[in-house]
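Structure record follows, encoded as structure tokens.
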Amino acid sequence: MTDRFRLIYLKSTGLENLPPDQASPSFEEEKPDRSFSSSNNPAPETHATREILKQAKADLKHPDPKVRILAVKFYFEKSHLSITLPLLQEILSDPDSGVRAEALSSLITFGNPIVSPFLKKHLRDPDPMVRMVALRGMFRFKEKMDLNLLMQFLSDESPWVRRKAATLLGWNQLEGALPILTEMSRDEEPKVRKAAIFSLVTLYPEEGEERLMEAVTDSDPDIRKWARDHLNRMLERPVTKISSSLQR
């Protein structure tokens, strides 16, 4: 049975050439949090769980990283924290970035702040894909978010990571995000600037509109067009409201 799952997974791969924020869709999809109301109580050990754990440990030592990724996805998807955490903690040092990213993604789905230290550590992972997964996880536990941690992403070497940070800031109401987004809105990469400006417009309409007007003369033609279109839509809204009221 395990071999069948491996075969299906291995045949379904082919994402190596995609950009980091698209390389592994499962890392970006929001998986439902698993309840941990009983997380302090160890899961009951049965013959079946012992066998599953034995197979999982064997697969996690497999030389093919795709098999190790599959092991994380297949064996730990519905596991209990008391079983999963020690193994996932060990896997986080795996030499393959895809395995580390999948392990972090699995930890995030537990919805338990106990995993925060692992996420913080991998905010500095050498691979951008892993950093993005860790960053997404930190936003899931935003009550623990330290804006000083986010400052490091202003100079992250990967534009995909910088864009992810700008986007996530727009999805969350974090006090003190304005200077970070303002700085990112002037990033050297167009995709980062656009994400930051959009987040500014969402969270800080006044500052966002000002930056949007500046973007009309941006060096990137796509941003110039996007900014003009966005401003035009903003200008049309009051007219529509007035027109509707007159028709009544």
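Under the 4.5 Å side-chain criterion, counting only non-hydrogen atoms from C-beta, Val192 is in contact with Arg163. By the 4.5 Å heavy-atom criterion applied to side chains, Leu119 and Phe141 are counted as neighbours. Residues Asn172 and Leu203 form no side-chain contact, since every pair of their non-hydrogen atoms from C-beta on lies 4.5 Å or further apart. Side chains of Leu150 and Leu174 form a contact here, defined as non-hydrogen atoms less than 4.5 Å apart. Using a 4.5 Å heavy-atom threshold, the side chains of Leu212 and Met234 count as touching. Using a 4.5 Å cut-off on side-chain heavy atoms (C-beta onward), Glu90 and Lys57 make no contact. In this structure, the side chains of Val115 and Leu88 stay at 4.5 Å or more apart for every pair of heavy atoms. The closest side-chain heavy-atom distance from Val130 to Leu104 is below 4.5 Å.
Atom CD of Glu214 has more than 12 neighbouring heavy atoms from other residues, nucleotides or ligands inside a 6.0 Å radius. Atom CD of Glu209 has 12 or fewer neighbouring heavy atoms from other residues, nucleotides or ligands inside a 6.0 Å radius.
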- Item | Stepwise salt bridge (charged side-chain N to carboxylate O under 4.0 Å, His left out) check, Arg193 with Asp220 | CA-CA 10 Å; Arg193 294 200 299 274; Asp220 183 80; 5.3 Å; no
- Carefully, step by step, assess Ile197 and Trp226 under the rule side-chain contact (heavy atoms from CB on, under 4.5 Å). CA-CA 11 Å; Ile197 295 171; Trp226 171 76; 3.8 Å; yes
- What do the steps show when you test Arg131 against Asp156 for salt bridge (charged side-chain N to carboxylate O under 4.0 Å, His left out), and what is the final call? CA-CA 10 Å; Arg131 295 200 298 276; Asp156 193 280; 2.8 Å; yes
- Check the pair Asp96, Arg68 against salt bridge (charged side-chain N to carboxylate O under 4.0 Å, His left out), reporting the backbone distance first and the verdict last. CA-CA 9 Å; Asp96 184 82; Arg68 301 200 298 276; 5.2 Å; no
- May I have the step-by-step check of side-chain contact (heavy atoms from CB on, under 4.5 Å) for Met129 and Trp160, ending in yes or no? CA-CA 9 Å; Met129 179 173 63; Trp160 300 104; over 6 Å; no
- Item | Audit row: Asp59, Leu70, side-chain contact (heavy atoms from CB on, under 4.5 Å) steps and yes/no | CA-CA 9 Å; Asp59 284 354; Leu70 178 59; over 6 Å; no
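With Ser199 contributing its side chain and Ala195 its backbone, the two residues share a donor-acceptor pair below 3.5 Å. When atom types are taken as modelled, the side chain of Arg100 and the backbone of Pro95 share a donor-acceptor pair closer than 3.5 angstrom. Panel note: side chain Arg211, backbone Ser185; a donor-acceptor pair is recorded below 3.5 Å.
From Leu169, atom CG reaches atom CE of Met184 across 6.5 Å, with rounding to the nearest 0.5 Å. Taken from CG in Leu181 to CG in Leu154, the straight-line distance is 9.5 Å, to the nearest 0.5 Å. The CG atom of Leu231 lies 9.5 Å from the CZ atom of Arg233; values are rounded to the nearest 0.5 Å. Considering CG of Leu107 and CD of Glu102, their distance stands at 10.5 Å, rounded to 0.5 Å. In this structure, CZ in Phe118 is found 13.5 Å from CG in Leu123, a value given to the nearest 0.5 Å. Interatomic distance, Asp218 CG to Arg228 CZ, rounded to the nearest 0.5 Å: 10.5 Å.
Under the 4.5 Å side-chain heavy-atom criterion for grouping Ile, Leu, Val, Met, Phe, Trp and Tyr, Trp171 is connected to Tyr204 within one hydrophobic cluster.
The heavy-atom pair separating Gly176 from Pro179 by the smallest distance is O-CD, 3.4 Å. When all heavy atoms are compared, the tightest approach of Thr202 to Gly170 is CG2-O, 3.9 Å. Here the closest heavy-atom approach between residue Ser219 and residue Arg224 is recorded as O-NH1, 3.3 Å. When all heavy atoms of Asp64 and Lys66 are compared, the pair lying nearest together is OD1-N, 2.9 Å.
Classified by interplanar angle (parallel below 30°, tilted 30° to 60°, perpendicular above 60°), the ring pair Phe198/His230 is perpendicular.
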